[in-house]
Protein chains: 2
Amino acid sequence: MTTAAPAPVPAAGGGRDLPHPAPEEIRLESVLHALSDPMRLRIVRELAVEGDELSCSQFALPVTKSTSTHHFRVLREAGVIHQVYRGTAKMNGLRKDDLDALFPGLLDCVLTAAHRQSLRLGDG
Amino acid sequence: MTTAAPAPVPAAGGGRDLPHPAPEEIRLESVLHALSDPMRLRIVRELAVEGDELSCSQFALPVTKSTSTHHFRVLREAGVIHQVYRGTAKMNGLRKDDLDALFPGLLDCVLTAAHRQSLRLGDG
DNA sequence: CACGTCGTACGATACTCGTCGTACTACGGG
DNA sequence: CCCGTAGTACGACGAGTATCGTACGACGTG
């Protein structure tokens with residue numbers, strides 16, 4: 001407020017910014033739905049392991065760029081991940097703190113379950 | 001085999017029996033998908049509280065019988081509930097043991113999360 | 001400025017899903 | 001045997017979704 005930024009200035013290093021749901025707007029059903037897709041569950045698992053400085057293109061998903069964009073948006077709009085532009089790339093990160101505050105232990109349970117299942121099925 | 005039942009004999013007290021996935025056939029994605037629908041999440045929550053001797057008609061869901069049947073089937077085929085005929089009624093129960101063995105803590109996390117959210121939103 | 005890279009937007013398409021209504025079957029009781 | 005109750009089967013319909021391709025915009029580097 002005190003800096004009185006004019007308005008059309010988006011931000012220096014960031015570029016344009018993306019709409020995210022506030023914590024109180026995150027719905028359990030949407031989170032579960034977002035996680036119920038194999039491609040998105042894979043994204044979330046990778047994100048949990050690698051930390052939150054991954055651009056969309058580093059995932060090497062077996063789909064086109066359009067479809068990738070779609071899945072990342074579903075995850076973001078459900079409140080599962082946050083996304084920030086950084087130059088030409090878009091960095092992704094899990095909203096672990098927000099999810100843990102809303103649904104304690106849920107994310108870890110799902111990640112553990114996914115890990116165990118991938119071991120069991122031999123695809124992980 | 002030794003009894004050599006003709007074939008059309010279904011079973012005595014039980015009536016017809018329904019196909020359930022074996023524990024190793026239960027997929028995390030299917031479980032999450034089954035739980036991501038408000039109506040089904042509601043069924044599962046009620047089942048967790050009331051125990052597993054509830055017939056389909058005791059839920060008083062705001063949908064028709066056809067839709068009810070559909071949701072119960074989705075839950076059964078995902079491995080979330082088991083169903084047994086008992087006379088003209090069909091009794092439902094959570095497959096808590098199987099789910100806990102496959103995905104430890106997941107069911108409790110989701111139930112707790114659902115409970116907290118319903119308190120937060122004032123619809124529970 | 002020109003170009004390449006990263007990601008978006010939009011339309012198309014095929015599939016899934018939630019819902020309903022109606023017609024039907026299974027079981028139990030008079 | 002007839003009827004009522006519990007649930008199923010099937011078809012329909014509208015909404016959502018996962019996918020693609022192509023065209024476009026934003027950013028950084030030469």
Side-chain angles (χ1 to χ4, degrees), chain A residues 8-20 27 29-44 53-78 80-93, chain B residues 8-20 27 29-44 53-78 80-93:
Chain A
V9 176
R16 38 243 141 121
D17 52 344
L18 299 151
H20 292 74
R27 300 287 264 98
E29 295 89 331
S30 306
V31 172
L32 293 176
H33 173 248
L35 296 177
S36 72
D37 181 273
M39 205 69 62
R40 293 193 290 260
L41 186 55
R42 173 170 164 172
I43 291 173
V44 170
E53 284 299 320
L54 284 180
S55 68
C56 292
S57 59
Q58 296 179 44
F59 284 85
L61 300 173
V63 290
T64 63
K65 285 193 299 178
S66 318
T67 308
S68 240
T69 298
H70 164 68
H71 284 307
F72 278 103
R73 179 170 39 193
V74 171
L75 286 170
R76 173 169 48 83
E77 291 180 346
V80 179
I81 67 173
H82 61 84
Q83 301 187 290
V84 184
Y85 279 107
R86 188 161 181 175
T88 167
K90 191 159 69 167
M91 309 310 279
N92 302 278
Chain B
V9 175
R16 25 224 159 138
D17 51 344
L18 299 151
H20 291 75
R27 300 286 266 95
E29 295 90 328
S30 305
V31 172
L32 293 176
H33 173 248
L35 296 176
S36 71
D37 181 273
M39 205 68 62
R40 294 194 290 259
L41 187 54
R42 172 170 164 173
I43 292 173
V44 170
E53 285 299 318
L54 284 180
S55 69
C56 293
S57 59
Q58 297 181 43
F59 284 86
L61 300 173
V63 291
T64 64
K65 284 194 299 177
S66 320
T67 308
S68 241
T69 298
H70 164 68
H71 285 308
F72 278 104
R73 180 170 39 192
V74 171
L75 285 170
R76 173 170 47 82
E77 292 181 344
V80 179
I81 67 173
H82 60 86
Q83 300 188 289
V84 184
Y85 279 108
R86 188 164 182 173
T88 167
K90 191 159 69 168
M91 309 310 278
N92 303 277

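In this text, all values refer to a predicted model and were calculated from it rather than measured experimentally. So you know, we letter chains A, B, ... as the sequences are listed, proteins then strands, and number each from 1.
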Asks: Of all heavy-atom pairs between Ala34(B) and Leu75(B), which one has the smallest distance, and what is that distance?
Replies: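 For Ala34(B) versus Leu75(B), the nearest heavy atoms are CB-CD2, 4.0 Å.
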Asks: Taking salt bridge (charged side-chain N to carboxylate O under 4.0 Å, His left out) as the test, write out the residues that go with Arg27(A), two or more places apart.
Replies: Glu29(A)
Asks: Would you give a per-nucleotide map of nucleotides 5-19 of chain D, 5' to 3', where B means the base has a protein non-hydrogen atom under 4.0 Å away, S means only the sugar-phosphate does, and - means neither?
Replies: BSBBB-------SSB
Asks: Identify each atom pair where a protein N or O and an N or O of nucleotides 11-13 of chain C are less than 3.5 Å apart, giving names and distance.
Replies:
none

Asks: Could you state the interatomic distance from NE2 (His33(B)) to NE2 (His33(A)), rounded to the nearest 0.5 Å?
Replies: 6.5 Å
Asks: May I ask you to test the Gln83(B)-His20(B) pair for a side-chain heavy-atom distance under 4.5 Å?
Replies: yes
Asks: Can you list the residues that meet the side chain to side chain donor-acceptor pair (under 3.5 Å) rule with Glu77(B), with sequence neighbours excluded?
Replies: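 Not a single residue meets the side chain to side chain donor-acceptor pair (under 3.5 Å) criterion with Glu77(B).
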Asks: Which donor-acceptor pairs under 3.5 Å do side chains of residues 63-71 of chain A form with protein atoms, sequence neighbours excluded?
Replies:
from	atom 1	to	atom 2	distance (Å)
Thr64(A)	OG1	Thr67(A)	OG1	3.2
Thr69(A)	OG1	Lys65(A)	O	3.1
His71(A)	ND1	Arg40(A)	NH1	3.2

Asks: Locate the shortest heavy-atom distance separating Val31(B) from Ala78(B); write the atom from each residue and the value.
Replies: CG2-O, 3.7 Å
Asks: Under the side chain to side chain contact (heavy atoms under 4.5 Å, CB included) rule, collect the residues that match up with Pro62(A), sequence neighbours excluded.
Replies: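 With neighbours one apart ignored, the set is Met39(A), Arg42(A).
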Asks: In whole Å, I'd like the distance from the CG atom of Leu61(B) to the C1' atom of dC20(C).
Replies: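 Computing the Leu61(B):CG to dC20(C):C1' distance gives 15 Å.
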Asks: Taking atom P of dT19(C) as reference, at what distance in whole Å does atom CZ of Phe72(B) sit?
Replies: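 Nearest whole value for this atom pair: 13 Å.
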